[in-house]
Structures are given as C-alpha cells and as structure tokens.
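Numbering of residues begins at 1 and proceeds along the displayed sequence. Side chains are part of it too, since the values below use all heavy atoms of this structure and drop only hydrogens, waters and symmetry mates.
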Amino acid sequence: MQALSIFLVIVIFALVIEILHDKGFIVFDGGLELSSVLLTAASLVVTGVGVMAGILAIFGYGQIKEAAIHASRTEARTVAEDAARRVATEVASSVAARVAREVPASTTTDEQAAEIVQALDNEDQA
C-alpha cells in the first residue's frame, strides 16, 4: 500500500507540475510555490487512498458479515446437537429405569415380537 501511495504522489505531482507550469500558473521563484504544490499533491493522494479504503471497506464488511453468520450457525448447530444428545440420553435412561421397575417381564415370543415390529413398519410406510 505504501508503494502505491508513493507512486501516486509522484504521478500526481508530475501531472500537476506539468499542467500548471505549461499554463503559466506555476513559476518557481522559491520553495514556497514548490511546497504548496507538494502539499496539494499529497492531499490528493491521501484523499484517493481514503476513497479506495472506503470502497474496499464496504465490500469487506459484507464478507466479514457472511463469515460471521456462517460461523455462528455452525457453532449454534453443534451446541444444539450436543444439548439434544445429552437431554435425550438422560430422558432415555430415566424412562428405561422406570420401565424396568414398573413393567413386568414380557411373555411375548420371538414370533409375536416379529409380527409387532412388522405391523409397526407397515404403519410407518402407510
């Protein structure tokens, strides 16, 4: 960026000197006129760099915003999945313990269990 600024200063300085000297507006009697031209060129360069930085900032802000949204959604999804997994494990353990205490052992045969599972699968497909 610094090399670009130096290049722009040189180009603008040369252009300003050439244009104004050819028109007769600049007559170098001493250092005052030259320093005035140099300060004018420097202010034009600073203005140009500021405008370029502003334009780049507008586009950069959009990219930063999109990256932040993506990162936050990814993190939220991870946290939600972990919480859901933890709660589901706690609930399943609680339900399994209660069922084991309250429900007597089943007298269902393997064939009957297979028929029940098949019936449930048929209901899910319907």
Side-chain angles (χ1 to χ4, degrees):
M1 189 63 140
Q2 188 177 11
L4 177 64
S5 297
I6 292 171
F7 176 73
L8 288 175
V9 167
I10 293 170
V11 168
I12 291 174
F13 176 72
L15 289 174
V16 167
I17 295 296
E18 180 65 30
I19 291 170
L20 295 179
H21 186 62
D22 287 347
K23 302 282 185 184
F25 293 118
I26 294 180
V27 178
F28 294 113
D29 291 338
L32 187 60
E33 290 88 6
L34 182 60
S35 64
S36 175
V37 170
L38 288 175
L39 286 173
T40 302
S43 67
L44 290 174
V45 168
V46 168
T47 302
V49 170
V51 169
M52 287 174 42
I55 291 170
L56 293 175
I58 291 171
F59 294 113
Y61 173 76
Q63 291 176 349
I64 290 171
K65 181 180 172 185
E66 291 299 322
I69 289 171
H70 177 71
S72 64
R73 285 183 179 162
T74 302
E75 184 64 23
R77 184 176 297 117
T78 302
V79 169
E81 288 172 354
D82 290 344
R85 190 175 298 112
R86 188 177 61 252
V87 169
T89 302
E90 291 173 6
V91 170
S93 299
S94 172
V95 169
R98 186 174 53 188
V99 168
R101 281 191 314 265
E102 297 174 1
V103 177
S106 177
T107 58
T108 305
T109 64
D110 289 342
E111 292 81 20
Q112 290 172 332
E115 290 174 6
I116 292 171
V117 169
Q118 183 65 34
L120 291 173
D121 284 342
N122 290 339
E123 287 180 13
D124 287 344
Q125 292 175 359

(message) Side chains of Arg98 and Val95, heavy atoms from C-beta outward: is any pair under 4.5 Å?
(response)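 Heavy-atom side-chain distance check passes, below 4.5 Å.
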
(request) Could you tell me whether the side chain of Ser72 and the main chain of Ala68 form a donor-acceptor pair under 3.5 Å? (result)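 Side chain of Ser72 to backbone of Ala68: a pair is present.
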
(message) Whether the side chain of Gln112 engages the backbone of Thr109 through a donor-acceptor N/O pair (distance < 3.5 Å, no angle test) should be reported.
(response)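 Present.
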
(request) Output, in order, the C-alpha distance, side-chain angles, deciding distance and verdict of side chain to side chain contact (heavy atoms under 4.5 Å, CB included) for Asp82 and Arg85. (result) CA-CA 5 Å; Asp82 290 344; Arg85 190 175 298 112; 3.2 Å; yes

(message) Under 4.5 Å between side-chain heavy atoms, counting indirect links through other Ile/Leu/Val/Met/Phe/Trp/Tyr residues: same cluster for Val51 and Phe59 or not?
(response)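 Hydrophobic grouping puts Val51 with Phe59.
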
(message) Between Val46 and Met52, is there shared hydrophobic-cluster membership here, with clusters defined by ILVMFWY side-chain heavy atoms closer than 4.5 Å?
(response)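 Hydrophobic grouping puts Val46 apart from Met52.
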
(message) Working to the nearest 0.5 angstrom, can you tell me the gap between Ile12 CD1 and Thr47 OG1?
(response)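 Result: 9.0 Å between the selected atoms.
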
